[in-house]
Undergrad: 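Just passing along the structure, written as structure tokens.
Everything numeric here is computed off the predicted structure, so don't read it as measured data. Proteins come first, then strands; the chains are lettered A, B, ... in the order of their sequence lines, and each starts at number 1.
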Amino acid sequence: MTFRTRFAPSPTGYLHIGGARTALYCWLEARHRGGQFILRVEDTDRDRSTDAAVQAILDGMSWLGLDPDEGPFFQTQRMERYRAVAQQLLDAGKAYWAYESKEELEAMRAAAMARGDKPRYSGAYRDRDEPCREDPNRVLRFRNPRDGRVVFDDKVKGRIEWDNAELDDLVLVRSDGFPTYNFAVVVDDIDMGITEVIRGDDHVNNTPRQINIYHALNADAPAFAHLPMILGPDGQKLSKRHGAVGVMQYREDGYLPHALLNYLVRLGWSHGDREIFSIGEMIELFDISDVNQSASRFDFAKLGWLNQQYLKNDNPLEIASELAWHLNRLGIDPSIGGPCPVDVVIALRDRVQTLKEMAERARIWYAPIREWDEKAVAKHLRADGAAEVLGAAHAKFAELKEWSPQAIHAAIEELANERAMGMGKIAQPLRVAITGTQVSPSIEQTVYLAGRDESLRRIDDAIDKAAK
RNA sequence: GCUCCCUUCGUCUAGCGGUCCAGGACGUCGCCCUCUCAAGGCGAAAACACGAGUUCGAUUCUCGUAGGGAGCGCCA
């Protein structure tokens with residue numbers, strides 16, 4: 001039997017960070033074992049499912065590079081199949097019709113709670129053996145075994161045991177004819193030949209009921225692996241309050257997909273002291289049974305560090321095209337003018353953690369200085385001799401044979417030697433002249449990226465400003 | 001309330017009975033480098049939730065306690 005995993009989101013919102021990690025683990029596990037990864041959209045809740053959410057999930061997965069081998073399949077397109085399997089269960093006496101109204105069920109639960117019991121379905125119709133009748137409240141319920149235990153070896157959590165007495169007769173088919181989650185997953189996972197179910201640990205409680213359904217269908221249950229939750233930095237459930245929850249938001253915030261993947265793979269899993277993993281290494285080394293059992297918190301600081309690692313080490317050409325996307329979002333079109341984005345990447349990759357920051361910092365080379373840092377002006381432009389130094393730099397730059405960081409560096413060094421000044425005395429006024437601030441990449445990069453004409457213009461402006 | 005699950009530095013984790021007065025990484029702090037900011041280098045502080053067992057020996061095994069989480073839907 002070939003090894004097959006699946007990711008089965010319900011399209012009720014964007015692909016969130018926990019879902020992304022689940023998808024990643026499913027994908028890695030399939031790739032690691034040379035099996036297949038299937039994408040299935042669980043859209044049986046017609047009230048909450050939307051096409052936009054389906055698209056958001058697809059977009060998120062494709063941005064992350066988590067390509068499925070099969071799918072997406074949609075449960076709403078498999079209605080006939082669920083109906084047939086339901087009939088099969090009914091014929092075999094493993095399911096029965098029940099007719100309680102939602103209010104009655106509600107009262108039943110409340111009464112059980114009041115007694116200190118678990119709120120469960122009483123099984124009132126279980127043994128009535130009535131002929132089927134039309135009724136708006138009619139649902140098909142599973143005849144869950146009354147005794148015995150369900151035992152399974154979770155690949156993450158270890159052995160988990162459950163008394164059947166704890167389980168009630170769950171609804172398989174709703175009164176509107178749609179299958180419930182617990183029923184549809186089992187049918188799908190059997191039909192799609194899924195051999196390993198990897199999902200969030202909020203599903204462990206469903207697993208014993210699903211295993212019973214597998215058995216009722218004379219099918220072998222797959223292996224299960226339940227992943228611990230990802231919490232917000234404060235240890236609370238991850239929510240909008242924590243900022244980025246949808247995966248595509250990370251793109252907008254300037255993270256590289258590989259960095260996010262690397263961060264996610266290390267959240268709950270590790271391989272010795274290793275922190276950086278190429279996709280190939282993840283596939284080679286990942287094993288679902290090495291995943292941790294406890295919830296982990298999301299740490300933006302570490303994600304930022306990882307992102308910078310990729311910014312620094314990936315091919316600058318590739319980073320440059322990502323940077324262009326972010327520049328566009330700021331209304332800058334680098335193809336029209338200004339420095340080449342690759343040079344910008346090289347100048348800034350050691351100084352920022354995200355592409356978004358990089359684009360914002362790159363602004364000074366694509367557009368005029370918007371705002372002067374008055375403290376910087378006072379300290380460096382209006383300092384004694386600053387205007388004179390700027391004038392000398394202007395002259396040297398104007399005469400440079402080639403406009404390169406090396407040539408600019410040589411010119412500044414020469415200037416420093418001529419006047420026996422420290423580099424700082426020259427670099428800082430220049431920096432303020434070019435950027436309006438006292439923070440930027442190395443002075444030769446800063447000047448180089450501005451371009452010769454623009455540099456000379458800005459130096460002139462700064463000299464004027466110094467005089468005022 | 002009931003059932004199930006979880007518990008090593010602030011955070012992510014290593015550890016699978018002695019190698020641990022607990023290792024790495026992020027973050028923090030200090031020093032070095034230095035034209036600013038970073039990056040980089042070096043170094044420091046920082047954890048086995050608690051209590052019983054089992055054992056010659058427990059971070060590692062068992063059981064409790066405490067704390068946290070999940071589920072108990074005609075939602076997935």
Undergrad: Over 60° means perpendicular and under 30° means parallel, so tell me whether A/Y25 and A/F286 are parallel, tilted or perpendicular.
TA: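 Judged by the thresholds at 30° and 60°, the geometry between A/Y25 and A/F286 is tilted.
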Undergrad: Output yes when a side-chain donor or acceptor of A/Q428 lies under 3.5 Å from a complementary backbone atom of A/K425, and no otherwise.
TA: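 No, A/Q428 side chain to A/K425 backbone: no donor-acceptor pair under 3.5 Å.
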Undergrad: Would you kindly give the NZ-to-C1' distance between A/K237 and B/A70, to the nearest whole Å?
TA: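 Atom NZ in A/K237 sits about 8 Å away from atom C1' in B/A70.
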Undergrad: Look at the side chain of A/R351 against the base of B/C37 and say whether a donor-acceptor pair falls under 3.5 Å; ignore hydrogens and angles.
TA: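 Side chain to base: pair present.
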Undergrad: For atom C1', what is the distance between B/G10 and B/C5, given to the nearest Å?
TA: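 It comes out at 25 Å once rounded to the nearest Å.
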Undergrad: Under a 4.0 Å threshold between the charged nitrogen and the carboxylate oxygen, would A/D461 count as salt-bridged to A/R458?
TA: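 Salt bridge absent between A/R458 and A/D461.
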Undergrad: Fit a plane to each ring of A/Y214 and A/F224, take the angle between them on a 0 to 90° scale, and name the class: parallel (under 30°), tilted (30 to 60°) or perpendicular (over 60°).
TA: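 Perpendicular.
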Undergrad: According to the Watson-Crick and G-U wobble definitions, with both distances under 3.5 Å, which nucleotide is paired to B/U62?
TA: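 Pairing partner: B/A52.
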Undergrad: Whole angstrom is fine here: how far is it from OH in A/Y181 over to C1' in B/C72?
TA: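 Computing the A/Y181:OH to B/C72:C1' distance gives 15 Å.
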Undergrad: Would you mind telling me which of B/A14, B/C72, B/C26 lies closest to the side-chain atoms of A/R120?
TA: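 The nucleotide sitting nearest to the side chain is B/C72.
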Undergrad: What is the distance, rounded to the nearest whole Å, between atom CG of A/D202 and atom P of B/U3?
TA: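 Nearest whole value for this atom pair: 21 Å.
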Undergrad: Taking the side chain of A/W305 as its heavy atoms from C-beta onward, which of B/C37, B/A76, B/C26 lies nearest to it?
TA: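 Selected nucleotide (nearest to the side chain): B/C26.
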Undergrad: With a 3.5 Å cut-off and just heavy-atom distances, do the side chain of A/E106 and the base of B/G73 make a donor-acceptor pair?
TA: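 In this structure, the two groups form no donor-acceptor pair.
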Undergrad: Looking only at the side chain of A/N137 (C-beta and beyond, no hydrogens), which of the listed nucleotides B/G27, B/C74, B/C5 gets closest?
TA: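 Out of B/G27, B/C74, B/C5, the nucleotide with an atom closest to A/N137's side chain is B/C74.
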Undergrad: Kindly indicate whether the side chain of A/S294 and the base of B/C6 share any N or O donor-acceptor pair separated by less than 3.5 Å?
TA: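 Checked by distance alone, the answer is no.
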Undergrad: Looking only at the side chain of A/I160 (C-beta and beyond, no hydrogens), which of the listed nucleotides B/C5, B/C74, B/C26 gets closest?
TA: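 Within the option list, the nearest is B/C5.
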Undergrad: Across the strands shown, which category fits A/R266 at heavy-atom distances under 4.0 angstrom: base, sugar-phosphate, nothing?
TA: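 Here A/R266 touches the bases of the nucleic acid.
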Undergrad: To the nearest Å, give me how far apart CG (A/L170) and P (B/U3) are.
TA: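 Spelled out: CG on A/L170 to P on B/U3 is 20 Å.
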Undergrad: Using the P atom on both, measure B/U60 against B/U7 and round to a whole Å.
TA: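 Rounded to whole Å, the distance is 11 Å.
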Undergrad: Kindly say whether A/A347 contributes a backbone atom to a donor-acceptor pair with the side chain of A/R351 at under 3.5 angstrom?
TA: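 Confirmed, A/R351 side chain pairs with A/A347 backbone.
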Undergrad: Here's a test of your reading of the structure: between A/H203 and A/D168, which maps to the more 5' nucleotide of RNA chain B?
TA: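 The residue closer to the strand's 5' end, by nearest nucleotide, is A/D168.
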Undergrad: Please report the distance separating the C1' of B/A45 from the corresponding atom of B/G15, rounded so that it comes out in whole Å.
TA: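 To the nearest whole Å, 22 Å.
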Undergrad: Can you check whether A/T180 has a side-chain N or O nearer than 4.0 Å to OP1 or OP2 of B/C74?
TA: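 False: A/T180 side-chain N/O out of range (4.0 Å or more) of B/C74 OP1/OP2.
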Undergrad: Is it true that the NZ or CZ of A/R274 lies under 6.0 Å from the centre of A/F277's six-membered ring and within 45 degrees of the ring axis?
TA: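 The answer is yes, since A/R274 meets both limits relative to A/F277.
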Undergrad: Classify A/R46 by what it touches in the nucleic acid, base, sugar-phosphate, or nothing, heavy-atom distance under 4.0 Å.
TA: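 No contact.
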Undergrad: For B/C35, does the base pair up with any side-chain atom of A/E444 as donor and acceptor (N or O, under 3.5 Å, distance only)?
TA: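 In this structure, the two groups form a donor-acceptor pair.
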Undergrad: What's A/E275 touching, base or sugar-phosphate or nothing? Going by heavy atoms closer than 4.0 Å.
TA: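 Since a base atom lies under 4.0 Å of A/E275, the category is base.
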Undergrad: Tell me which nucleotide, if any, is Watson-Crick or G-U wobble paired with B/U36 when both distances must be under 3.5 Å.
TA: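 The base-pairing partner of B/U36, which may sit in any strand shown, does not exist here.
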Undergrad: Strictly below 4.0 Å: does A/R209 bring a side-chain N or O up to OP1 or OP2 of B/G71?
TA: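 Looking at the OP1 and OP2 atoms of B/G71, neither is under 4.0 Å from any side-chain N or O of A/R209.
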Undergrad: If you pin A/Q353 and A/R115 to their nearest nucleotides in RNA chain B, which one's is more 5'?
TA: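 On the 5' side of the pair lies A/R115.
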Undergrad: Kindly point out which of B/C12, B/C6, B/C35 is positioned nearest to the side chain of A/Q293?
TA: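 Closest nucleotide to the A/Q293 side chain: B/C6.
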Undergrad: For A/S440, which contact category applies under a 4.0 Å heavy-atom criterion: base, sugar-phosphate, or nothing?
TA: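 Touches a base.
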Undergrad: Go through B/A70, B/G1, B/C12 for me and flag the one nearest to the A/N205 side chain.
TA: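 Nearest nucleotide to the side chain: B/A70.
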Undergrad: Choosing from B/U3, B/A76, B/C35, which nucleotide comes nearest the side chain of A/M423?
TA: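 The answer is B/C35, which lies nearest to the side chain.
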Undergrad: Expressed in whole Å, how much space separates the C1' atoms belonging to B/U59 and B/C29?
TA: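 So the two C1' atoms sit 28 Å from each other.
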Undergrad: Using a heavy-atom cut-off of under 4.0 Å over every strand shown, decide if A/D117 touches base, sugar-phosphate, or nothing.
TA: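 Contact class for A/D117: base.
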Undergrad: Is the shortest distance from a Lys or Arg side-chain nitrogen in A/D188 or A/R40 to a carboxylate oxygen in the other one below 4.0 Å?
TA: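 Salt bridge between A/D188 and A/R40, a charged N being under 4.0 Å from a carboxylate O: yes.
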Undergrad: Base, sugar-phosphate, or nothing for A/G268, non-hydrogen atoms under 4.0 angstrom?
TA: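 Contact class for A/G268: sugar-phosphate only.
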Undergrad: Please classify the nucleic acid contact of A/Q75 as base, sugar-phosphate, or nothing, using heavy-atom distances under 4.0 Å.
TA: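 Touches nothing.
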Undergrad: Of the options B/U11, B/G71, B/A39, whose atoms approach the side-chain atoms of A/K118 most closely?
TA: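 Given the options B/U11, B/G71, B/A39, the side chain of A/K118 is closest to B/G71.
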Undergrad: With heavy atoms under 4.0 Å as the rule, sort A/T44 into base, sugar-phosphate or nothing.
TA: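 The residue A/T44 makes sugar-phosphate contact but no base contact.
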Undergrad: Does B/U36 have OP1 or OP2 sitting under 4.0 Å from an N or O in the side chain of A/T446?
TA: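 Checking B/U36 against A/T446, no side-chain N or O comes under 4.0 Å of OP1 or OP2.
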Undergrad: From the options B/C12, B/G1, B/C35, select the nucleotide whose nearest atom is closest to the side chain of A/P119.
TA: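 Side chain of A/P119 sits closest to B/G1.
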Undergrad: When you get a sec, tell me which of B/A38, B/A70, B/C74 is the closest nucleotide to the side chain of A/V139?
TA: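 Shortest atom-to-atom distance from the side chain points to B/C74.
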Undergrad: With a cut-off of under 6.0 Å to the ring centre and 45° to the axis, is A/R128 in cation-pi contact with A/Y96?
TA: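 Pair A/R128/A/Y96 does not count as cation-pi.
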Undergrad: Just checking A/R109: base, sugar-phosphate only, or nothing, at a heavy-atom cut-off of under 4.0 Å?
TA: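 Result for A/R109 = sugar-phosphate.
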Undergrad: So what does A/D47 hit on the nucleic acid, given a heavy-atom distance under 4.0 Å: a base, only sugar-phosphate, or nothing?
TA: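 Nothing, no heavy atom under 4.0 Å.
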Undergrad: Scan every strand shown for a Watson-Crick or G-U wobble partner of B/G1, both distances under 3.5 Å, and answer none if you come up empty.
TA: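 Result: B/C72.
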Undergrad: Measure from NZ on A/K425 to C1' on B/C35 and round the result to the nearest Å.
TA: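 Computing the A/K425:NZ to B/C35:C1' distance gives 12 Å.
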Undergrad: Under 4.0 Å between any heavy atoms, over every strand shown, what does A/P441 touch: base, sugar-phosphate, or nothing? Just pick one.
TA: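 Base contact.
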Undergrad: Does NZ or CZ of A/R46 come closer than 6.0 Å to the centre of the six-membered ring of A/F178, within 45° of the ring's axis?
TA: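 The answer is yes; both the distance and angle limits are met.
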Undergrad: When all nucleic acid strands are considered with a 4.0 Å heavy-atom cut-off, which category describes A/I443: base, sugar-phosphate, or nothing?
TA: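 Since a base atom lies under 4.0 Å of A/I443, the category is base.
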